[in-house]
Number of protein chains: 2
Amino acid sequence: MNIGQVARLSGLPAKTIRYYEDIGLIRPQRSENGYRSFRETDLHKLGFLGRARSLGFSIEDCRSLLELYGDEDRASADVKSIAQGHLHKIDAKIAELTAMRATLAHLIHCCAGDHRPDCPILADLAVSHDTGSGE
Amino acid sequence: MNIGQVARLSGLPAKTIRYYEDIGLIRPQRSENGYRSFRETDLHKLGFLGRARSLGFSIEDCRSLLELYGDEDRASADVKSIAQGHLHKIDAKIAELTAMRATLAHLIHCCAGDHRPDCPILADLAVSHDTGSGE
DNA sequence: CCTTGATCTTCCAGTTGCTGGAAGCCCTAT
DNA sequence: ATAGGGCTTCCAGCAACTGGAAGATCAAGG
């Protein structure tokens, strides 16, 4: 299979597939004309990568997961550990965004949003706050 | 004021302040020796930038907000519009992360996490799903 | 056989928002 | 004079691609 077909089947852009080869996630063979020649296992790995990435795993996590996937003697604890680490990062990010969202939504609510210049959003950004326990 | 003091007062790294000058967010004067010389207004702007960034506004949003902040004839609607656009992006991001989190937490819950190789996390990543209405 | 257009190749640059480091000048204190 | 800190510039790198240029290859049509 050439890269175009693999891109169609895997749903990944050809550019991304080349990039994954560059960084050593996959190692497709080459035809005599220099074209990449993908086997079923390559396609399978790309699907794996696409799904792992869509769950937000970093490329390095994906590399580890792919390695564990190919290791018959893996311990599921190693996989679980990676997933839990990622889950913690997601939770931290959600918490951060939720805090931003709350402040932002409040400011937006307070802003008339008309032709006048008075704006509580700008007023808030203009003064320093303490990060502490305000109500 | 030199950059070190401004960094201390604003809480922003000196590198970041230089970067903000590079991209034209601030325009500190220069002393005769070539050092940046910050006025109160520069410090104020840097505080504004720090707070806007901490709410997750992009640099380009910050540029617009700073411009509106300095424009006595602004309409608060313009500020509100930027903030609302940003809020939508945050909401989209939260939704994306929450969906990831749900899938990931489920998989983690299903994984024994012991010395054995059987792992529902890897099993899930290994097969293609439809994005549709599964339960 | 030749041309056209799609597909493939490599390589370089750009994205976002900084951050680290090198090389070198300036300033103060001893 | 020298040591140290702070300041300057510029270049590289992070994550994970993405876009584009320049050129080879292939399949189909006239």
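Order of the sequence lines fixes the chain letters, A, B, ..., with proteins taken first and strands second; residue numbering starts at 1 for each chain. Because the structure is a prediction, the values reported are computed rather than measured.
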Reported [atom1]-to-[atom2] distance for the pair [X] and [Y], which is rounded to 0.5 angstrom:
{"X": "Asp61(A)", "Y": "His86(A)", "atom1": "CG", "atom2": "NE2", "answer": "7.0 Å"}
{"X": "Asp124(A)", "Y": "Leu107(A)", "atom1": "CG", "atom2": "CG", "answer": "4.5 Å"}
{"X": "Ile26(B)", "Y": "Leu49(B)", "atom1": "CD1", "atom2": "CG", "answer": "7.5 Å"}

Have a look at the helix from dC1(C)-dG30(D) to dT30(C)-dA1(D) and give the angle its two end axes make, five pairs each, rounded to 10 degrees.
-> 40°

Upstream residue (5' side of DNA chain C) when Glu60(B) and Asn2(A) are each assigned their closest nucleotide = Asn2(A)

Nearest whole Å is fine: how far is [N] [atom2] from [X] [atom1]?
{"X": "Lys15(A)", "N": "dC8(C)", "atom1": "NZ", "atom2": "C1'", "answer": "12 Å"}
{"X": "Ile17(B)", "N": "dG20(C)", "atom1": "CD1", "atom2": "C1'", "answer": "17 Å"}
{"X": "Arg63(B)", "N": "dG17(C)", "atom1": "CZ", "atom2": "C1'", "answer": "12 Å"}
{"X": "Tyr19(A)", "N": "dC12(C)", "atom1": "OH", "atom2": "C1'", "answer": "15 Å"}

Closer than 4.0 Å, any side-chain N/O of Thr16(B) to the OP1 or OP2 of dT19(C)?
-> yes

Taking only residues two or more places apart in sequence or in another chain, which ones pass side chain to side chain contact (heavy atoms under 4.5 Å, CB included) with [X]?
{"X": "Arg8(A)", "result": "Gln5(A)"}
{"X": "Thr98(A)", "result": "Ile94(A), Ile94(B)"}
{"X": "Asp78(A)", "result": "Leu68(A), Ala75(A)"}
{"X": "Lys89(B)", "result": "none"}

Salt-bridge criterion met for Asp114(A) and Arg116(A) (N-O under 4.0 Å) | yes

Specify the residues of residues 85-94 of chain B, ordered by number, for which at least one heavy atom lies under 4.0 angstrom from an atom of DNA chain C.
-> none

Within residues 20-47 of chain B: residues closer than 4.0 Å to DNA chain C (heavy atoms) = Tyr20(B), Asn33(B), Tyr35(B)

Comparing Arg18(B) and Pro13(A) on DNA chain D - which has the more 5′ nearest nucleotide | Arg18(B)

What are the 5'-most and 3'-most nucleotides of DNA chain D lying under 4.0 Å from any heavy atom of chain B?
-> dG6(D) to dC10(D)

Side chains of [X] and [Y] in contact at under 4.5 Å (non-hydrogen atoms):
{"X": "Leu12(A)", "Y": "Arg53(A)", "value": "no"}
{"X": "Glu72(A)", "Y": "Pro117(B)", "value": "no"}
{"X": "Ile17(A)", "Y": "Ser10(A)", "value": "yes"}

Taking only residues at least two apart or on different chains, which pairs with a member in residues 5-54 of chain A satisfy ring pair (Phe, Tyr, Trp, His ring centres under 6.0 Å)?
-> Phe48(A)-Tyr69(A)

For Asn2(A) and Gly4(A), indicate whether the former's side chain and the latter's backbone hold a donor-acceptor pair under 3.5 Å.
-> no

Minimum heavy-atom separation for Cys110(A) to Pro120(A), with atom names?
-> O-CG, 3.2 Å

Taking only residues two or more places apart in sequence, or in another chain, which ones meet Arg51(A) in a salt bridge (charged side-chain N to carboxylate O under 4.0 Å, His left out)?
-> none

Interface residues of residues 49-59 of chain A with DNA chain D (non-hydrogen, below 4.0 angstrom) | Arg53(A), Ser58(A), Ile59(A)

Applying salt bridge (charged side-chain N to carboxylate O under 4.0 Å, His left out), which residue pairs with at least one partner in residues 19-48 of chain A are found, sequence neighbours left out?
-> Glu21(A)-Arg30(A), Glu21(A)-Arg36(A), Arg39(A)-Asp42(A)

